[in-house]
Amino acid sequence: MSDIESTQSAPEVRPRPMSELETVVVRFAGDSGDGMQLTGTEFTKSVALEGSDLATFPDYPAEIRAPAGTLAGVSAYQVHFSSQEVYTPGDQPDVLVVMNPAALRINLPDLPHGGIIIANVGSFTQSNLEKAGYKANPLEDGSLSGYQVFAIDIAKQVALALEGMGLTAKEVGRCKNFYALGLMFWLYNHPVEREEKSIRAKFQKNPKLADANIKAFRAGYYYGETAELFPSRYVVPPAVIAPGTYRHITGNEATAIGLVTAAQLASLPLFCGSYPITPASDILHNLAMYPNYDVITFQAEDEIAAITATIGAAYAGALGVTTTSGPGMALKTEAIGLAVMAELPLVIVNVQRGGPSTGLPTKTEQADLFQAVFGRNGECPVVVIAPATPGDCFWMAIEAARIAIRHMCTVIYLSDGFLANGAEPWKLPDAASLQKIPVAFRTDPEGFHPYLRNPDTLARPWVVPGTPGMEHRIGGLEKEDVIGNVSYDPQNHEKMVRLRAEKIARVVHEVPDATVYGDSSGDLLIVGWGSTYGAITQAVKSLRRRGHRVSALHLRYLNPMPANVGRVLANFQRVLVAEMNLGQLLMMLRAQFLVDAVGFHKVQGRPFKVSELVVKAEELLGAREQAELCAHAEMV
Amino acid sequence: MSDIESTQSAPEVRPRPMSELETVVVRFAGDSGDGMQLTGTEFTKSVALEGSDLATFPDYPAEIRAPAGTLAGVSAYQVHFSSQEVYTPGDQPDVLVVMNPAALRINLPDLPHGGIIIANVGSFTQSNLEKAGYKANPLEDGSLSGYQVFAIDIAKQVALALEGMGLTAKEVGRCKNFYALGLMFWLYNHPVEREEKSIRAKFQKNPKLADANIKAFRAGYYYGETAELFPSRYVVPPAVIAPGTYRHITGNEATAIGLVTAAQLASLPLFCGSYPITPASDILHNLAMYPNYDVITFQAEDEIAAITATIGAAYAGALGVTTTSGPGMALKTEAIGLAVMAELPLVIVNVQRGGPSTGLPTKTEQADLFQAVFGRNGECPVVVIAPATPGDCFWMAIEAARIAIRHMCTVIYLSDGFLANGAEPWKLPDAASLQKIPVAFRTDPEGFHPYLRNPDTLARPWVVPGTPGMEHRIGGLEKEDVIGNVSYDPQNHEKMVRLRAEKIARVVHEVPDATVYGDSSGDLLIVGWGSTYGAITQAVKSLRRRGHRVSALHLRYLNPMPANVGRVLANFQRVLVAEMNLGQLLMMLRAQFLVDAVGFHKVQGRPFKVSELVVKAEELLGAREQAELCAHAEMV
Amino acid sequence: MTMSQCNIVQAPKLTRKDFISDQDVRWCPGCGDYAILASIQRVMPELGVPREKMVFVSGIGCSSRFPYYMNTYGFHSIHGRAPAVATGIKITRPDLMVWVVTGDGDGLSIGGNHLIHTMRRNIDLKILLFNNRIYGLTKGQTSPTSEQGMKTKSTPFGALDRPFNPLSVAIGSAATFVARSIDIDSPHLQYVLRRAAEHKGTAFVELYQNCNVFNDGTWESVTDKDVRSDRLLVLEHGKPLVFGKERKKGIRMRPDMSPEVVEINGNTSGLLVHDETRRDEGYHFMLSRLASPEFPEPIGVLRAVREPTYEELMAEQCRTVIQERGKGTIEKLLHAGETWVVS
Amino acid sequence: MTMSQCNIVQAPKLTRKDFISDQDVRWCPGCGDYAILASIQRVMPELGVPREKMVFVSGIGCSSRFPYYMNTYGFHSIHGRAPAVATGIKITRPDLMVWVVTGDGDGLSIGGNHLIHTMRRNIDLKILLFNNRIYGLTKGQTSPTSEQGMKTKSTPFGALDRPFNPLSVAIGSAATFVARSIDIDSPHLQYVLRRAAEHKGTAFVELYQNCNVFNDGTWESVTDKDVRSDRLLVLEHGKPLVFGKERKKGIRMRPDMSPEVVEINGNTSGLLVHDETRRDEGYHFMLSRLASPEFPEPIGVLRAVREPTYEELMAEQCRTVIQERGKGTIEKLLHAGETWVVS
Ligand SMILES: Cc1ncc(C[n+]2csc(CCOP(=O)(O)OP(=O)(O)O)c2C)c(N)n1
Ligand SMILES: Cc1ncc(C[n+]2csc(CCOP(=O)(O)OP(=O)(O)O)c2C)c(N)n1
Ligand code: SF4
Ligand code: SF4
Ligand SMILES: [Mg+2]
Ligand SMILES: [Mg+2]
């Protein structure tokens, strides 16, 4: 085996001042080809193993591989870690690692003054500077004087470190990212052995590359140690984290394994009919790994075939799931109507992205809520839920399946690009403690009718083909109540329309009351849903620290909403609905509760920053306080 | 030519008492094969020519031809005519003509006690009675004692009348409807010559059949005269109708010629990409008649191809229109996003039918409003308008085109099954008085950018391929403001999302204020949209006659709504939103104006009856009056 | 729920009546659909498949009302999507026998893509396309099989589109079973249905069907009693391509690979000999193109080739993965990948 | 706005540069799309069509970014719908030359139906299908042309579906022009493009394209320098089907109408002679099925048959109706049908 293996002990390091930090945000940025996503995940893994709480945000370009060095090709990965609870990937980086001028150009605006820049100086060539639109070299023209800049010629360093290994220049170039990683390991005092093992495992099939990357990694680490560029190393003490086994999980992974878990809990095969689309495809890719879990993945010719095949599978007795994003969701519209008429269980996963139309395919947004709740012909009610964090995707996926099966209805599950690709450390649940999902296929022909209803849930019986004596026909035409024959009777139609609505409304009985973060009354309630959970919670925490009477209400159930929402809203002077759209939940709340809520909208393909929310809230509170003052003045 | 021609003068009739009536509602009902639709339209034409105001409601079965004599095969046609203004086809018939037992069975519930039944007694055979689910013959078992029943063996009478003409039994059978028509002509004292000419024109290609039908028609007329069954004849004096040239028009016809007119007014070719679907197909059929009007109709392979071809045509410089109904609308969802991104003019006609899914394909409903306003991925705003009457379809079709062209936007035009097939006498506008629709294709390359905007409307320039020096690229990805290049810039995205929203919002400047029917303040405002106009207006008229302080507000513009809606709502104690859905406009009004409006919903595939609205309104008013009394009591 | 192979158990002997549902048949009197329904209800009992193991899936159209009339499981889905719905059913439950009933509009217009992809995948479905060359249910618009120039409600001055040949589309999509029959020829239709039922893989069957209301007589010029023996080529496996009232005409291939009609006198040598099972689709495709009046139109089984079905391959893949990795459990699923312990 | 015939005016002499837009090309370095772009930009100036009369329409995919790079009118529409968008453009404005650029996923998966209907209608569009047998833009899932068993992100244990042959699908849909070329063979590609441009009616061109990121080398086994003369059959109208390094192999037809490869020694008699213009599609279909390793794969023009285009028929119909009824006016429109006067 390789020569490195034998020297796997930690390199000796001279002591250097070590400062303790509560919270750090590091962003790696470089060309798509620079391996920033890998660097980010590796660093994150180590951060997790060091016991920090954390959250991450990968941000990659729409192009597969934009031309090297261009602004369009910049890829970034941000990790926020702390000894305190972490809710978001961080508003702004403390440390920005940039592998080329384009990465600097794109990311600099986010760096606060005084922030650290680690720049791969060798890539600041004339040609790269031009591609990034720089007239002069920012590392030299003094324009970065407000920051702590560490310019390192990584390429050269790596080349030196790997000399004599017989690698091609291209292969050497590919190791740069591990050099940067090594430097970060040194800076934040992470142990190197573990990472070296990890690198070796990653390049299992090519031990030579493994050696090279390990060498580059070490070179970076040693550089920190020896170059004495950095005045100090940092350490982030471990957070207080619930004991248990953890893994790193993205929203898409959590959604996938949540769905598989649900199927196992229901003892049903899982059928996923899907058509690839960013940022949902990974759920399909993940599910495709599990044929040994009774998972059938069917990559259909389009989204319409994907959902209709899934409806067929649900009819045939599978847990039917179809996964997609905005434009694909649009194509499923007609078939959702069929699912609603057929009253079969169906889970639809929409990983929202920037719209309308093709929009911003790789960016996040929350603008498909209206579509989920209202976007069909006819009165066509479905359940709509939304996970709040990557880890919550697991739980909400199970919840989606549970509701769909129990109520024989369609459940739309709204994830988004931010959840999909964002990762967090996730505590594995105890498999044995997970509640089974009861499934009762009806097999008794006695008194059977296809549209008989369970008196509690109004669900109709699930009878799968192959069951003797219960042959029957279903379809998209209006059905006669109970009997299920085609019916054009006017009264029957109204009855069925209302029954279908009532069936969905009754799901509220199993929806837990929404909990308020903060006090149950106050001056301001910030309402959110989906992936804004972290940012809103963090913002409310800050606002409360600053003494404001602010609370947060986060909705994971959008239709029907938890029963207590109206009451909660009524306890606050003002209601602010923060969404990554132009006010969709806002409209629903206003209509339902006649509350004069206002909206805070951000539609930039990027999540809220905590600071943005804080500013907005204080603006409202200020206005309020001012208004109060005025009112007072008048009264006097 | 035939022997009848020579004796074309009016048959001599003995005088009979003649009562004057203000209003009459006649319903013809029979088997699909009985020609009731034809009978209805012929009678209606004559009614119009007699100077009555009128409205009609054809109601035919979903099956092409259900088995003869079954309930599923019953077809009906109702006409309401009056010397007063007529707003609806009438809640209930005064006279019910039934050609078989099934027709009686289905329609009897609508007949008020004391109403007239004219029954084709010969068809009340054992087998037909069974098919209709009758145990005994209702004409004989006394169950119709509350009505005035006139049983006539029409088949036999017709057979007698046509004896010796050498017709087959089938041909003879086919003349029954004209016998019924003749009877009605006698009863309401209509002139026969005109109708005879009309019949002859209708059967131009087959003079023998023309003769036969004319004979049957006369036989019916003479029967009324001679049989002395009816105590009286009736006459409805002419209504006060604006002078002008009139024609009979259905909503679908009016939509079609409105669109052609709009294209002519804009001097553009009209491109209609469509896929057949009930109840919208007739618009396509109509448009297909006009290649000599620069109309291109393209029957696509599906609704997606229909709309995307239409978008292509709009891009190429046509007035692009796509027509469909609910399920087809659902399929167009994704492409609407593209149209919104491309900012090209596009008119989408959705003739709503009973939903969800395939639903009640031949019945009417208003449950696609949510879909029109909210039903897409991303923030994807479009203009939504809805005609109020069949004749209004002409005007609103022009309006749709005008807005789409002026604002370079998508306009969804919501008709419904009731408007589509319902007919009314329509006063032809003066062609010369119609306002041109200005179209300014940009041809000047100087300073051109594809997403430059008109400062008033925010519309971008319409540049058609073929224009030299202005080659550019558009598409569904987010566009850079002004420049139009693909842009992933976060701030740009938000700007564009807001610009697209603002562009649609600004349409309000050309939306006329909504007018209130009745006083501008009062106890109750009934709000409606689309085809409920007639019923609501009639109901408010009645309520006001009864002394209630009730007004009506009818919205033909749903998004954006007229600027004065909020003010109007605020002037009424209570607001009732009457819709053929579960409360879609209701939700929009509550959200937008925070008004505690309540809904009145009917989802039966049938329009509102005036009486239903009156009852509901009085219930609300009663509750209110009671509440006021209580409040009073407390204060005292 | 297992994904077992289609397993036709010995069912109690069924009769035609067992397959008639309690629903009133709602086609126009005289519609060709009645004859097809009757033939299918006759064939079903012979297949030895219990009623509950049969599913009829359809889209929207007159033809697509079919499932209501069969006393089996049935799904009247949405326009054009029946092959996709059926695919989901069949993949989930390979033990079911799944029939698709569709029309020329439903199957070839809005549903064309699903149809060709189903055939490409070789899902074991039996697809019956009722071709009346018109949209019946929506009252008479042009369909993708309507003849060019045909006047319909949507084409009052004549259709501009050239028609599809459904059999050519099927062979172009690599269908493993392709056949054609006629509504009113019950014995032949029953034969073709039986063959479709026997085939493993997608069986595509075009049925000439008369819509006596909106396109009456559309097939008369080939199917009429008087002309049919000259206008139809009845295919039989292993037999030369012979037709005509006195069976005096045959089909031969020219050296340039084009077909021609020749007169024969008892001697059929030199004629093409029908082979359903050939792998090279060129011959089958040529057959599909034979069209009146130049050629007789082929009926019967054009192509019947055994290839692994999608479900078979899926089952095999599933077995392999289970062999390699074992059956999954929630425990294993959760603990996959890198984990760490916080204590 | 008139619906005039395509009229290629004498434009000032254009060069390749005129067709290069100001947009940065954003494909992965090494992608086969670059070569295709370069060839197209070379051919365009030769067509004598002014830039502004050209429209490139695409769907979604790497290939579908194509219009951005052409300095003509361009529409980057939505996934699979380019043929329909292009149809609307061409029908409205027959004077424009409309190109469609699509991928194996865009054109054959989600967009398969529009593609076959466009060919059926014979709309005068030039359709270029970049076939890399993978979904590039979404980072490597199986496409309808991926080989069975291929491992991709969505099929980690191997694809179960059988692939489409795009040429067979086209011929099955009665396309009037069907051709194939290769990204890296610029002279041949340019020839095929020129032929497609000249054809009146739908021209369908499959381009073998390498995706060096997600499916690198997918065509190598037929297009590699070393093997291509043995693995490719270069079609030339009127010439016998000969191939091989020393042109010593030919394709002959067996008496049962199946093709076979034979060794020849200068004597090409008995070989099939290529005829693009034959009306009977059997021969063209046979060609489309020739596949490696058993046969060489044909490149060049398989089929080029002149039939009236949809737009031509439409224009003719329009003329006839105008002749019969006169040009319409709003006045006439309103007063059609029965009217009455109230005074
Ligand atoms: C999405 C959608 N578009 C259109 C329709 C209307 N529609 C119902 S059936 C049909 C065509 C049926 O033709 P075909 O499949 O040939 O069946 P046939 O009635 O001739 O048996 C159409 C266009 C629909 N139901 N759904
Ligand atoms: C409605 C919809 N579904 C899915 C997608 C995602 N998507 C974009 S491109 C593509 C496939 C592209 O494959 P191909 O046409 O072969 O193009 P290539 O990238 O290989 O050139 C998919 C699935 C989309 N944009 N829209
Ligand atoms: S319309 Fe035609 S196809 Fe439909 S039921 Fe009637 S005859 Fe049959
Ligand atoms: S992913 Fe493949 S097809 Fe797409 S640009 Fe890169 S190399 Fe080309
Ligand atoms: Mg049909
Ligand atoms: Mg591809």
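By convention in this document, chain letters (A, B, ...) are assigned in the order of the sequence lines, proteins followed by strands, and residues within each chain are numbered from 1. No hydrogens, no waters, no symmetry mates; every other heavy atom, side chains included, goes into these values.
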Legend entry - C:Lys151 atom NZ, neighbour heavy-atom count above 12 within 6.0 Å: no
Legend entry - D:Leu108, part contacting chain C, at a heavy-atom distance under 4.5 Å: backbone
Legend entry - C:Arg252 portion near chain D, given a 4.5 angstrom heavy-atom threshold: neither
Inset, instruction - Please report the shortest heavy-atom distance between C:Ile110 and D:Asn113, naming the atom on each side. - result: O-ND2, 3.7 Å
Inset, instruction - Report the option among D:Leu272, D:Leu313, D:Asp256 that has the most heavy-atom pairs separated by less than 4.5 Å from atoms of chain C. - result: D:Asp256
Inset, instruction - Could you tell me whether C:Arg306 atom CZ has more than 12 heavy atoms of other residues or ligands within 6.0 Å of it? - result: yes
Inset, instruction - Taking heavy atoms only and a threshold strictly under 4.5 Å, list by residue number the residues of residues 162-170 of chain D that touch chain C; give 'none' if the list is empty. - result: D:Arg162, D:Pro163, D:Phe164, D:Ser168, D:Val169
Legend entry - Contacts of residues 277-290 of chain D with chain C (heavy atom under 4.5 Å): D:Arg278, D:Asp280, D:Glu281, D:Gly282, D:Tyr283, D:Phe285, D:Met286, D:Arg289
Legend entry - Backbone N/O of D:Phe157 and side chain of C:Gln317: donor-acceptor pair under 3.5 Å: yes
Legend entry - Heavy-atom contact with chain D under 4.5 Å, split by part of C:Ile171: both
Legend entry - Other residues, nucleotides, ligands: >12 heavy atoms within 6.0 Å of D:Lys239 NZ: no
Inset, instruction - Among the options C:Met257, C:Met253, C:Arg120, C:Arg121, pick out the one with the most heavy-atom pairs lying under 4.5 Å from chain D. - result: C:Arg120
Legend entry - Proximal component of C:Pro308, with respect to chain D [non-hydrogen, under 4.5 Å]: neither
Legend entry - Atom pair CD1 (C:Ile123) and CG (D:Asp161), whose distance is rounded to the nearest 0.5 Å: 7.5 Å
Legend entry - Contacting moiety of D:Glu307, where chain C heavy atoms sit under 4.5 Å: side chain
Inset, instruction - Supply the atom-to-atom distance C:Ser173 OG to D:Ile116 CD1, rounded to the nearest 0.5 angstrom. - result: 7.0 Å
Legend entry - Under 4.5 Å from any heavy atom of chain C - which part of D:Leu115: neither
